[in-house]
Each structure stands twice: as C-alpha cells, then as structure tokens.
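As the structure is a computational prediction, the values presented were derived from the model and not from experiment.
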Amino acid sequence: MAESSCVHGLRHQARCLTSVKASTEESQFLVGTVGTKDNGVCLLKYDDEQAEVKSIMYAHADEVWDIASCPADENLFFTVHSRVSENPRQKKVTLWRKPVWSQENDTSLVKVTRLEQEGIKRVLWDPVKENQRVVSFDPTHIRLHDLDPVSTTVSLDVSQTFASDPNSPSLREIQNAVWSPHEAAVVAVGDQCLAGWDLRSGESQFVRQKAHKSTIRTVDYNANKPHHVATGGDDAEVRIWDIRHLGEPIMTVSGHTHWVWSVAFNTFHDQLLLTSSSDTLVNLHNVVSVSSASYLRNEQVSDSTDADADAYWNSYTPTDGLICTYDQHEDSVYSAVWSPADTWTFASLSYAGRIVISQVPPDERFKIMGV
Amino acid sequence: MKEKTLNGLMEEDNVLTGEIREIDGDMKTLVYENYSKFISATDTIRKMKSNVENMESEMDRLNESMNSLTHQTTTINQALGPNRDKIQQLSRAHNQLKRLQFIFNLPSRLSRCLSTDQLAKAVKYYARAAQLLDHYKHMPAFKGIERDCQTIITKVKSQIESKMRKEDSVEKIAENIRLLILLKEDVPELRQKYLKLGKVLIREFGQEKKQAGPVTSAEELVDVYIVPLDTVVQYYNTLFVENSEDFPPKTKQEIKDANQDLSEAIQTCINSFFESVTKIIALPVRIPNELDNVIEEKRPLKQTRDLQILNEALAEKGTNLSMAVALDKQMSQVIEVWENELVNRFLCTVVSGMRDRMSELIEPPFTEDTPYDALSETLAQFIDISETWCREHVYNNCLIPLRECLQEDIEQSSFTERISNGLNSMWHSLAEHLGTFPNGGEVSQLNRHIVCLVSSRLCFDFADHIIARIYSEFSSKSANPLSRHESIDTIFLSDCQELTELFSQTGQTLLNNQIMEDGYALSAKVQTHYLSLQSKPPTKPSAVWREVFTRLQSVEQLVNITFPQPSSPEGRDVSDSEHDYRFGSLASTLEAPPIQATHSSQSLATMSSGTGEPLGNVSKFGNDVTLNMMHTINKLFEDRVDVYRPIEPSAEGACGALVRVLLKTLQEVVREMWVDCNIYQQLQVDVEYLGIALRSYAGDEKTSSALRDIVSGAYMRCSDPVSINADDLERMLAH
C-alpha cells in the first residue's frame with residue numbers, strides 16, 4: 001500500500017540492495033552505490049513503529065556492484081566492486097567489517113580479506129555453515145571458497161552450460177545464482193538456462209535449457225519447499241519450477257513489461273513472491289497454489305468434517321494472483337528483498353538511489369494468517 | 001299521426017282498412033274449418049253414450065269371476081305349500097351334487113383334457129374348482145381329489161411349459177404364460193421365463209433375417225428389432241403390468257419390479273439395436289477427407305432418411321417400447337449425437353483445409369533470394385484467396401449442405417443450436433491451429449516468420465470481419481430467406497463476440513511473439529556488443545547497429561507485406577517505403593548501406609546542410625549538464641512507458657516496438673558496461689547515428705528523450721567525459 005510505504009533517497013545512483021540477515025530484531029538493509037564519485041555503502045535501519053528510516057553511509061571508493069551480508073555477523077559483508085571508469089568486468093571482491101552502529105561518527109570500513117579472483121559478479125554466503133564459506137561466480141565459473149583461511153576448494157567451469165546455442169537470443173554467461181537452503185548445492189541461471197550443481201561432488205544436478213524466451217537474470221529458491229525455484233528474465237516473465245520435473249514451469253507469472261531483475265520468495269510465507277523489474281515496478285504476487293501453504297491448507301480441510309469450517313476456509317482462502325503493485329519508483333528497480341526481521345516488510349531499490357520500504361497489505365496478511 | 005298531412009292520414013286509413021278486411025277473411029275461414037270438426041265430435045259423443053250402458057252390467061260379472069278365481073288360487077296354494085319347500089331344497093341339493101360331481105369328475109375331466117391337449121380348457125376347469133378345493137381341503141374326500149388334480153395339473157403345467165418352448169409367436173407364448181399365471185405359478189419367475197423366451201424368439205428372428213443378408217436398411221431394423229420388441233413389451237404389459245379382470249390386482253411394488261425386470265431383460269436387445277443403428281448411420285469416412293465429395297454427396301443423405309424411418313417407426317409401432325423404456329428418448333439422443341458428428345465432420349474440413357493451405361504456403365519454401373515483389377504478391381494473394389476460400393467453404397460447403405441434410409427432420413431452433421455449437425468449436429480449433437506453429441520438419445527462420453505473420457494477419461482479419469460476416473450471412477438466410485438485412489441472429493451474437501475476441505487475441509499473441517523473437521535476439525546482440533566493448537577512440541558507429549537495422553528492415557518489409565496499410569497518414573513515409581522497396585529484394589537491401597536504404601537521402605542532406613537539426617552545435621543528444629538537468633525534470637512529468645506491450649499490426653507498429661526494446665536495452669546496458677572517455681565518445685557517435693537512423697521508425701519525442709537519457713547515463717558513468725568533436729562526429733556519421 002502506498003500509504004504504508006517509506007521512501008528514502010540516497011542522492012546517489014545505486015543498484016545493489018541486500019538485507020542484513022543477522023539482524024533479526026530490527027529490519028536492516030545495505031545498499032551499495034555506483035557513480036563517478038563519493039561512492040559508499042549505506043546501512044539503513046527501518047523502524048516499523050514510527051515508519052522511519054535511519055541511515056549511515058560508509059565510504060567505499062569503488063563502485064559497488066553487489067553486497068553480501070554475513071548471515072552470522074551483521075557487521076561483516078562482502079562487496080563486489082570495480083574502480084571508477086575501469087572495466088567492470090574486472091570486479092574485485094572484498095570482505096569488510098563495519099563499525100558497530102552506536103559509534104556514530106566512525107564511517108570507515110575495515111578490510112578483512114579479499115578473494116583473489118577477478119571478474120566475480122556476486123558472492124553468496126553459505127546459508128547453513130554461516131560464516132565459514134561462500135560461493136562466488138563470474139561469467140563462466142562457479143567457485144566455492146573457505147574463508148578461514150581464504151582458499152578456493154571447488155571451481156566449476158560451467159561456460160558450456162550457459163553457451164550451448166551460439167545464436168540464442170540471450171546473454172551467454174551466468175547471470176545469477178542461489179544456494180539451496182536444503183542441501184549443499186547451488187542453482188545458477190544465465191543465457192536461457194536454469195541449472196544446478198552439487199557442491200560436494202561438483203556434479204551437475206539438472207539443466208533446463210530454453211527456460212525463458214531470453215536471458216534469465218534472477219533466481220530464488222523456496223526455503224519452505226525443496227526443489228522449487230523461481231526465475232525471472234528478459235521476457236518479463238517469472239516462472240516457478242520444480243527442478244525434479246523441468247518439462248514445463250509449474251507456474252508462469254506475468255505482469256511486468258520489461259526485464260525482471262529480482263525475484264524473492266518470502267521466507268516464512270512462501271506464497272508471497274516479490275518481483276522487481278526495469279519497468280520501474282515492484283509486484284507482490286500470491287503463488288499459494290505452488291507454495292508450502294497449499295499442503296498445509298489441504299490437510300486442514302480434509303481434517304475438518306464440519307461444513308462451517310469448510311466454508312470458513314473457502315471464504316478466507318487466498319488465491320493466486322497479483323496482490324499489489326508498488327509504483328513509487330521512477331527508474332529501473334534492480335533489487336527487492338524481504339526483511340529478515342519482519343515477515344511482512346520488504347525493501348526495493350531503483351537506480352536513481354531511491355529505496356522504498358513497504359509492507360504486505362493488511363488484508364492479505366489477515367488472509368494468510370487466517371483471521 | 002298528429003303531425004301527418006291529410007294525404008298521409010288518408011293513406012294510413014286505406015292501409016288500416018285493407019288490414020281489417022284481411023283479418024276478417026281469415027276469421028271466416030277458421031270458423032268454416034272448425035265447424036265440420038264440431039259436427040263429427042257431436043256424433044261420436046252420442047255413440048259413446050249408448051255403449052256405456054251395456055258395459056256396466058258386464059263389468060259386474062267380470063268382478064264376480066275374479067273373486068272366485070282368487071279364492072280358488074289361495075286354496076291350491078295352501079295345499080301345495082309344504083311340497084314346494086321340499087322341491088326347493090331338493091333342487092339346491094341337486095345343484096350342490098352337480099358341483100360336487102364336477103369336482104369329483106375334475107380329475108378325469110382334466111386328464112381327458114390333458115390327453116386331448118385342451119390345456120386351456122383344463123386350466124379353466126381347474127381355476128374354477130381351485131378355490132373350492134382349497135376351501136375344503138381339510139376334508140379327506142376333497143383332499144384325495146385335490147391330490148389327483150394337483151398331479152394332473154402338474155402334468156398340465158409341464159406340458160404347457162414344454163409346449164411354450166416350442167411356440168413361435170409371442171402371442172402364443174403370452175397365452176401360455178397367462179395360463180400359468182392362472183395356475184398360480186410364481187409371477188417373478190414367469191416374468192423371467194416370458195422375457196427369456198421372447199428374447200430367444202427375437203434373436204432367432206433376427207438371425208433368420210441376417211442369414212438373408214446383413215441388416216443394412218432402416219426398414220429391416222424396424223422389422224428385426226422394433227416390431228418384435230414392441231410385441232414382447234405389449235404382451236408383457238398385459239400380463240404383468242396392467243391390471244385386468246383375469247388376474248388378482250397387482251401391488252405397486254409388483255408393477256415396479258415388473259418394469260425393472262423388463263428393462264433389464266431387453267437392455268441387451270436395445271443395445272444391439274442401437275449398435276446396428278450406429279452402424280447403418282455411420283458417416284462415410286470420405287466426408288472429412290475429400291472435400292469435393294462433400295458437395296456431391298446426395299442429399300438428403302441416406303442416413304438422414306434412415307433416421308427418419310426409424311423415428312417414424314418408433315412413433316407408430318414402438319409406443320409400448322417408448323412407454324416402457326423411453327426408447328424414443330434414447331433414439332433422439334442417438335440422433336443428436338449423430339447430427340453433432342455430422343456437423344463436426346463438415347466443419348472440421350475448414351480447419352484441415354486451412355492447415356493444408358498453410359503448409360502449401362511454404363512449399364516450396366521461400367528463400368532469402370525470393371524477390372520482394374514476388375513474395376509480396378504471393379502472400380497478398382495467399383491471404384486473399386485463403387480468406388475467400390474459408391468464407392465460401394464454410395458457407396457453401398458446410399452450412400448449406402448441412403442445412404439440406406438436417407433441416408428436414410429437425411426443428412429450426414435445434415438445427416441452429418447444433419450449427420452454433422459446431423461453428424463455435426470449429427473456430428476454437430482453428431484459432432488454436434493458427435496460434436501454434438506446426439512442429440516437425442526443418443523450416444527456415446524466414447519461413448517460420450512468414451507463416452506466423454500470415455497466421456497472425458489471418459487471425460486479425462477473422463476477428464475484424466470474416467467471422468461476423470459468416471454469421472450474418474448464415475443468420476440472415478436461415479432465419480428469413482427473404483430478408484436482405486445483414487444482421488446477426490441473437491443466438492450467435494455472444495458467440496460472435498467471444499470469437500472475435502479470441503481471434504484478435506490469437507493474432508496479437510502471434511504477432512507479439514514473432515516480433516519479440518527478433519526483439520530478444522537483437523537486444524542480446526546489442527548487450528553482448530557493448531558489454532565486451534574495448535576502449536579505443538571511435539572511428540565509426542558500432543557495427544552491431546548495422547546488423548540491427550538490416551534485420552529491422554527485413555522485419556519492416558515482412559510486416560508491411562502481411563499487414564499492408566491502406567494509406568499512410570504522412571506522405572513522407574510513403575515515399576520512404578517506396579524508396580526502400582524499389583530495391584526489390586531482401587538480398588539487394590542487405591547490400592545497401594542501412595542509412596541510405598532506410599532513408600531517403602533527405603536526412604543526410606539535412607544533416608550536412610545543418611538547416612533543420614542543431615547537429616553542428618556539438619550534438620542533438622549532447623552532454624550539456626544543464627540540458628541534462630532540464631531533461632531529468634521533464635522526465636518527472638512523463639508517463640511511464642511499457643516497453644513490452646501489444647504491438648500494433650503494422651510495419652510501423654512492429655518496428656516501433658523493436659526500436660523501443662532496443663533503446664531500453666541500450667539504456668540498461670550503458671549502466672552496466674565499461675564507460676571511459678573513449679567509450680563515452682563511441683556512445684555519442686552511436687546515439688547520433690541512431691537518432692538519424694530511427695527517425696523514420698519512431699521519430700517522436702519519446703525516442704529523442706530516450707536517446708538523451710542514454711547519453712546522460714553514459715556521462716554519469718564516466719569520470720573524465722570529453723565530448724566528441726563535432727567535425728569528427730559528422731565525418732564518422734557520413735562514413
């Protein structure tokens with residue numbers, strides 16, 4: 001809902017936004033800026049009582065292309081960065097420690113360590129073994145790194161998978177990846193391809209070519225339902241797949257009118273799917289029919305013999321479809337993420353440096369909670 | 001009277017006098033007539049007077065005689081009184097004895113009947129005595145008789161049964177069964193026996209017929225199934241369902257059971273009847289396959305006639321069947337199924353016809369060398385002929401023959417309903433067919449494009465006028481042949497609207513998919529190019545755009561062929577396209593430099609003379625910071641533009657869509673790519689080039705705004721942006 005959204009301007013162009021996963025009491029987000037000068041990493045704290053945003057900017061000389069906040073320590077994060085006016089294809093990766101919030105005046109970051117490889121697009125923390133290892137990927141390789149001490153333990157050359165057809169109407173390299181929350185595996189997208197690898201053996205688990213009509217830019221894994229992933233691409237579509245049966249997507253969600261840059265399942269209520277696009281919109285969809293809520297509900301319905309209870313459930317049943325479109329952005333929205341502290345809160349970032357923190361409409365919340 | 005003139009009074013007087021005279025005459029005549037009657041009456045009265053006097057004495061005598069008679073009778077009656085009672089008693093005893101004798105004789109009588117094969121008589125006698133025997137069976141004498149009778153009757157029964165088995169007519173069987181019912185046999189069992197025998201009879205009869213040859217005509221079906229079955233049912237009803245004097249009244253439960261037994265028993269017969277019906281009304285296979293024969297098929301079809309015969313026979317000879325098992329309803333269901341199939345058979349020729357046409361279109365396949373004119377002509381002709389064919393085929397080869405086939409034996413409303421359903425499902429399958437490109441076979445990209453665009457055009461045309469026209473032609477001629485009014489029957493209205501929607505959606509999807517296929521491919525090319533760009537001073541516009549415009553041009557041509565615009569609103573466009581298309585073929589335009597090919601030389605001239613465009617002054621899409629700021633402010637008030645949206649079915653629409661996609665791509669890629677001073681200048685060159693090249697495709701405010709956006713985006717990313725020298729820029733663009 002527009003009235004419950006909180007808008008914050010950075011006065012600086014930015015394209016990466018992440019939630020601070022270790023902060024489960026208070027919604028915190030990190031934003032990295034791009035531009036020729038005064039780049040930085042901005043920490044935002046959202047107070048949902050007051051609907052207020054407090055922010056602090058940490059200086060960061062290079063353009064920031066991606067941030068990965070450590071799930072175990074809210075002060076640790078990686079940035080993927082490149083020097084101004086240098087080729088961003090030679091991005092570097094550094095692990096930083098930021099000062100604790102209370103020391104208001106201290107806005108300098110302390111470099112902890114860095115990865116030796118160049119050209120890395122993103123770094124992903126292991127969601128299970130928290131601060132010990134990360135996955136990184138560049139256009140052609142997926143690598144697994146130990147952090148203490150820093151070493152590369154697995155390196156997979158996946159260029160063949162993402163460049164199978166030299167005439168494909170898409171960018172033939174890895175665009176994005178996500179850890180499986182259920183096992184030591186990673187799902188990557190790029191080209192028109194969706195593929196998964198087991199990180200212990202380094203073996204390919206599945207490959208689905210031509211999963212979208214053009215480049216696939218984003219992927220997310222449903223934390224509550226193993227084997228379910230969502231992808232978004234340049235065909236403006238979002239597709240949800242069961243990676244065991246990749247023949248057809250189990251659901252296709254349309255509604256955007258340009259490239260889809262991010263998709264995110266809600267961690268608790270995975271029927272809520274957040275998507276953002278360079279058409280400047282953030283869409284919140286209900287995908288209850290393919291979510292873990294669908295079998296929860298089925299059990300309840302089959303248990304109840306009472307007709308009244310059935311009617312009750314039916315009248316309050318959330319159904320698939322667009323819940324809400326958030327149109328407070330005026331430029332491409334490259335990222336939209338859920339808050340780890342509050343299930344109903346999420347943030348989105350557009351290129352102009354505008355951050356919008358919004359909430360799931362109350363009606364929908366009540367429906368989901370069944371009250 | 002008071003007001004009458006003297007003459008008037010005189011006249012009145014004359015009239016009155018005349019009337020009086022007339023009445024007087026009449027009165028006299030009456031008097032004369034009655035006078036004679038009066039005379040004769042007087043005579044008669046006189047005669048009567050004299051006779052009455054004698055009569056009185058005779059009456060006295062008669063009275064005396066009567067009295068003595070009465071007396072004597074009483075005496076006799078008293079004398080005979082006691083005897084009469086005796087006689088009466090005797091006579092009663094005699095009757096009883098006679099009855100007893102009948103009963104005592106019953107065994108012998110029955111056995112005589114049995115030996116002389118008069119079974120019916122035997123049953124009649126027994127039935128008469130049965131109650132008595134039953135009543136007095138406690139008396140030993142009767143018991144013996146009853147036992148004897150029973151033995152004989154058992155024999156009788158078995159004889160009846162064995163006889164019944166040999167009977168060859170339902171009537172005789174029914175008679176035997178009736179006897180058995182009278183003999184108090186178990187009714188449900190008898191029902192089964194009767195039905196079994198009846199079925200055997202029918203089967204034998206049917207086999208006899210079949211030996212003469214397979215059942216092929218409706219008349220034979222009537223003989224083999226309807227008539228015998230109906231007879232069986234008829235006797236069954238008299239025996240087991242209806243109440244009659246012969247039998248004790250039946251309870252509701254009994255009647256219900258009887259009906260159920262019947263329907264269970266004859267179900268197999270009915271099934272095989274319908275099997276045969278289905279066989280004889282089966283449509284010849286060739287209807288859907290050979291279009292020409294559809295028209296030549298004799299009408300009314302043999303099948304229609306057969307169905308009619310069967311229907312009439314059911315109404316006349318199958319009343320019992322219809323009542324008992326609703327055979328008429330079952331029959332009308334069969335007919336409905338058949339009619340629907342007929343409708344579908346006819347109409348599916350439309351879909352298969354269109355399919356054949358579409359596959360003929362690219363046989364032999366077009367190549368990149370096919371001259372533009374030839375391609376244009378072939379496609380235009382194809383579209384025209386196909387649409388005409390489709391319209392005429394639906395009307396002349398489907399709807400008219402169907403009407404001839406069907407209208408005779410069904411009502412107008414149900415005919416219309418069948419046709420409406422048939423048409424609806426035909427359109428749906430046609431839309432589905434046109435909407436999916438047939439897989440299989442290697443088809444080149446060009447041919448796939450052609451097929452999809454042509455399909456899209458056909459869909460749009462169907463939505464636009466063809467569907468409505470077919471419906472209106474059909475409804476105007478079917479509802480009221482005299483009406484010249486072209487309007488659509490209300491029954492078809494909602495269908496027509498729904499289908500129009502469906503086809504325009506299908507057409508739009510086809511067009512969008514087709515154009516976006518190019519959009520994705522070109523967008524990926526542009527991204528790949530810029531993301532891997534190396535830093536070096538610009539010398540000419542990026543080569544990737546040349547490739548893009550070549551493609552754009554051939555898309556424009558193809559769409560222009562498939563969706564020709566009747567007249568262009570701007571004269572410039574016409575001259576442009578004429579200019580373009582004079583190059584003749586796709587192949588030759590490939591060789592032509594894109595700028596010249598896309599534009600009349602006018603734009604280049606304008607550019608060099610510098611009259612219209614402020615190009616000499618650094619650039620149109622310059623990097624001036626204040627200009628950028630103004631631009632950003634303007635942007636705040638712009639409406640958001642959907643990059644992907646339904647594409648208008650025209651060359652302009654298609655190219656506009658592609659340009660929109662490409663500009664947005666460039667804007668996005670600039671934000672991600674490496675931008676140093678060299679690359680910034682390269683982008684300036686490219687944007688200028690695009691500004692010129694795109695003028696004919698999307699030369700509006702939105703395009704220039706997007707181009708300005710791109711340059712300002714690049715400017716923001718570059719730490720040391722130096723704008724390109726205007727002379728260099730001009731030189732590079734002229735290159």
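- Side chains of A/Tyr334 and B/Glu668: a donor-acceptor N/O pair is present below 3.5 angstrom, by distance only.
- With chain B as the partner, the residue from A/Gln13, A/Glu86, A/Arg172, A/Arg89 showing the most heavy-atom pairs under 4.5 Å is A/Glu86.
- With a 4.5 Å cut-off on non-hydrogen atoms, B/Thr665 touches chain A through its backbone and its side chain both.
- Within the 4.5 angstrom heavy-atom criterion, atoms from both the backbone and the side chain of B/Leu531 approach chain A.
- Using a 4.5 Å cut-off between heavy atoms, B/Met673 touches chain A through its backbone atoms (N, CA, C, O) alone.
- Atom CG in B/Leu533 sits 9.0 Å away from atom CG in A/Asn87 (nearest 0.5 Å).
- With rounding to the nearest 0.5 angstrom, the OG1 atom of A/Thr257 is 9.5 Å from the CZ atom of B/Arg645.
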Decide yes or no on side chain to side chain contact (heavy atoms under 4.5 Å, CB included) for B/Lys525 and A/Asn167, but give the supporting numbers first. CA-CA 9 Å; B/Lys525 271 204 176 87; A/Asn167 293 316; over 6 Å; no
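- To the nearest 0.5 angstrom, B/Trp674 atom CH2 is 7.0 Å from A/Gln90 atom CD.
- Nearest heavy atom pair, residue A/Trp65 against residue B/Glu672, reads CH2-O, 3.9 Å.
- Both the backbone and the side chain of A/Asp235 come within less than 4.5 Å of a heavy atom of chain B.
- At distances below 3.5 Å, at least one donor-acceptor pair connects side-chain atoms of A/Ser85 with backbone N or O atoms of B/Ser719.
- Heavy-atom minimum distance, A/Pro169 versus B/Ala524: C-CB, 3.5 Å.
- Looking at A/Lys213 and B/Glu517, no side-chain N of the basic residue comes within less than 4.0 Å of a carboxylate O on the acidic one, giving no salt bridge.
- The contact between A/Ser170 and chain B is made entirely by backbone atoms, counting heavy-atom distances below 4.5 Å.
- Contact of B/Asn513 with chain A is made through the side chain alone, with heavy-atom distances under 4.5 Å.
- In this structure, A/Asp331 and B/Arg671 have side chains that are in contact, with non-hydrogen atoms separated by less than 4.5 Å.
- Atom-to-atom distance recorded for B/Met716:CE and A/Tyr351:OH is 7.5 Å, nearest 0.5 angstrom.
- Of the listed residues (A/Ser168, A/Gly35, A/Ser332), the greatest number of heavy-atom pairs within a distance under 4.5 Å of chain B belongs to A/Ser332.
- The number of heavy atoms from other shown groups lying within 6.0 Å of CD (A/Glu118) is above 12.
- B/Tyr644 is not listed as a side-chain neighbour of A/Ser254, based on a closest heavy-atom distance of 4.5 Å or more.
- Between B/Lys664 and A/Asp279 there is no salt bridge, since no side-chain N of the basic residue sits under 4.0 Å from a carboxylate O of the acidic one.
- Counting heavy-atom neighbours within 6.0 Å of A/Gln117 CD, excluding the residue itself, gives a total above 12.
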